[in-house]
Protein chains: 2
Amino acid sequence: MSSTIKVLLAEDQSMVREALAALLGLEDDIEVVAQVARGDEVLAAAREHGVDVALLDIEMPGCTGIEAAAEVHRELPAVKLVVLTTFGRPGYLRSAMEAGADAFLVKDAPAAQLAEAVRKVLAGERVIDPTLAAAALAEGANPLTDREREVLRTAADGSTNAELARTLHLSQGTVRNYLSTAIQKLAVRNRAEAVRTAREKGWL
Amino acid sequence: MSSTIKVLLAEDQSMVREALAALLGLEDDIEVVAQVARGDEVLAAAREHGVDVALLDIEMPGCTGIEAAAEVHRELPAVKLVVLTTFGRPGYLRSAMEAGADAFLVKDAPAAQLAEAVRKVLAGERVIDPTLAAAALAEGANPLTDREREVLRTAADGSTNAELARTLHLSQGTVRNYLSTAIQKLAVRNRAEAVRTAREKGWL
DNA sequence: GGCGCCGTATGACATCTGTCATCCGGCAGT
DNA sequence: ACTGCCGGATGACAGATGTCATACGGCGCC
């Protein structure tokens with residue numbers, strides 16, 4: 001092929017983002033043509049710069065890299081999507097794949113895999129850590145209903161039932177019911193553990 | 001000056017670590033001579049490679065970058081210490097300074113500040129974000145006693161009072177007393193919020 | 001020596017949380 | 001039309017959690 005691969009880099013921590021750009025800049029066939037720090041700037045930047053590959057961190061302000069991936073996949077289906085994350089949570093992998101991601105990398109994988117993944121997705125390959133894929137399959141799908149997840153997410157900061165009821169426009173009893181079923185589904189013993197394990201699995 | 005600045009890079013996520021190495025590698029006067037992924041490997045590597053500056057992430061397995069900084073400061077006082085962290089928690093800044101750090105950088109600062117900080121600490125300067133310094137001073141010192149902190153830390157994963165009592169070899173009542181005083185000192189309304197705010201301030 | 005703080009403990013009390021049974025309306029399958 | 005699931009709600013109950021008063025030994029400070 002003639003020209004270089006045009007890459008968009010989305011990552012909120014500028015030091016990490018620019019460092020990754022420096023890393024990719026060492027490759028002859030790759031060029032970082034756009035950098036954004038927020039999830040909700042990804043689509044516009046991808047469109048504007050006509051990128052070949054978007055490299056998306058999950059944890060970002062605005063919207064998550066997974067939501068951004070879904071947007072780009074819908075609007076610019078030709079753009080290949082590499083999701084990059086700190087946390088190798090099986091639930092993340094699952095959501096990323098459902099959002100149309102072509103590759104899923106964790107940040108503690110060797111740096112060489114980054115450029116490699118970029119080239120592979122452009123060649124039509126999918127890049128997924130096999131161990132993580134196995135874990136995602138083994139753990140099954142998210143058992144929580146939308147409301148349960150929402151209540152759990154809202155409860156994560158330590159809010160009391162009364163506050164949850166108020167913010168979610170529910171009765172206190174209903175809040176307790178949702179938390180109770182969530183606790184049972186996750187096989188834990190209180191809301192704090194429920195938040196913890198739901199987070200770990202990427203179900204929040 | 002004649003030779004290059006020898007830098008040790010300690011960061012657990014290899015992709016980020018190698019990316020930072022690539023970034024520093026672009027500077028003519030800086031050379032990354034050692035990379036480690038664990039806090040407890042920092043001292044040995046620093047000694048072995050005779051580094052000028054150690055660049056330490058806080059969140060690492062083995063021991064934290066702050067603990068590693070304290071070790072290096074004690075054993076190799078000539079080595080300059082740059083602490084790098086994802087979270088700009090005032091309490092972290094305070095602990096880092098007490099551990100003998102010369103610079104404190106957050107990862108969402110511009111990448112250019114990294115090389116700059118390396119050069120400055122070598123010149124005897126201290127590099128601290130003024131906003132963060134102000135926050136650290138404004139918030140005052142950690143009001144929690146050792147035991148309160150320990151109980152809170154242990155309670156962070158959602159353990160019940162009975163479990164806390166067992167793991168910490170305390171009576172359940174004592175556990176509740178500690179949590180109660182911690183909750184009051186942090187001006188919150190339950191243990192979950194206490195854990196949250198203590199974490200945010202870097203007091204855990 | 002007295003004062004204050006820390007670590008530890010107990011008991012009593014009020015409130016919060018988690019569980020369970022039960023109910024209703026809506027909506028998707030079969 | 002029947003069944004099952006989801007969102008939503010109530011009431012009752014048991015157990016967990018948070019508060020408070022009180023106590024004791026140890027340690028540091030003045």
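Bear in mind the structure is a predicted one, so any value in this text is a computation, not a measurement. Just so we're on the same page: letters track the sequence lines, and every chain starts at 1.
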For this session: Using the side-chain contact (heavy atoms from CB on, under 4.5 Å) rule, take A:Arg147 and A:Val175 through it: C-alpha gap first, then chi angles, then the decisive distance, then the call.
Result: CA-CA 10 Å; A:Arg147 282 313 241 171; A:Val175 168; over 6 Å; no

Can you measure [X] atom [atom1] to [N] atom [atom2] for me and round it to whole angstrom units?
X        : N      : atom1 : atom2 : answer
B:Leu170 : C:dG7  : CG    : C1'   : 9 Å
B:Leu144 : C:dG7  : CG    : C1'   : 15 Å
A:Leu164 : D:dG8  : CG    : C1'   : 16 Å
B:Gln172 : D:dG15 : CD    : P     : 13 Å
A:Glu193 : D:dA16 : CD    : P     : 13 Å
A:Tyr178 : C:dT19 : OH    : P     : 16 Å
B:Arg176 : C:dG7  : CZ    : C1'   : 17 Å
A:Glu148 : D:dG8  : CD    : P     : 11 Å

For this session: Could you check A:Ser159 against B:Arg147 and say which one's nearest nucleotide on DNA chain C is further toward the 5' end?
Result: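 Residue closer to the 5' terminus by nearest nucleotide: B:Arg147.
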
Exercise. When the nearest nucleotide of DNA chain C is assigned to B:Gly173 and to B:Asn190 on a heavy-atom basis, which residue is associated with the more 5' position?
Worked result: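 It is B:Gly173 whose nearest nucleotide is closer to the 5' end.
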
Look at the side chain of [X] and decide which nucleotide, out of [options], has an atom nearest to it.
X        : options               : result
A:Leu179 : C:dA9, C:dG18, D:dT10 : C:dG18
B:Asn177 : C:dG7, C:dG11, C:dG18 : C:dG11
B:Thr145 : C:dC6, C:dG18, D:dT17 : C:dC6

Exercise. Considering all heavy atoms of both residues, which atom of B:Asp12 and which atom of B:Met60 are nearest to each other, and what is their separation?
Worked result: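 Taking every non-hydrogen atom into account, N-CG, 3.9 Å.
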
According to a strict under-4.0 Å criterion, is [X] in side-chain N/O contact with OP1 or OP2 of [N]?
X        : N      : result
A:Asn161 : C:dT17 : yes
A:Gln184 : C:dC20 : yes
B:Arg191 : D:dG18 : yes
A:Ser180 : C:dC20 : no

Exercise. Do the charged groups of A:Lys185 and A:Glu148 touch, with an N to O distance under 4.0 Å?
Worked result: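 A salt bridge is present here (some side-chain N lies under 4.0 Å from a carboxylate O).
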
Problem set entry | Carboxylate-amine/guanidinium contact B:Glu75 B:Arg47, below 4.0 Å |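 So B:Glu75 pairs with B:Arg47 through a salt bridge.
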
Exercise. Base, sugar-phosphate, or nothing for B:Thr160, non-hydrogen atoms under 4.0 angstrom?
Worked result: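 Here B:Thr160 touches the backbone only, sparing every base.
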
Exercise. Under 4.0 angstrom, heavy atoms only, what part of the nucleic acid is B:Thr174 near: base, sugar-phosphate, or nothing?
Worked result: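 Touches a base.
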
Problem set entry | Derivation of the side-chain contact (heavy atoms from CB on, under 4.5 Å) call for B:Glu18 and B:Gln35 | CA-CA 8 Å; B:Glu18 293 175 46; B:Gln35 293 189 24; 3.8 Å; yes

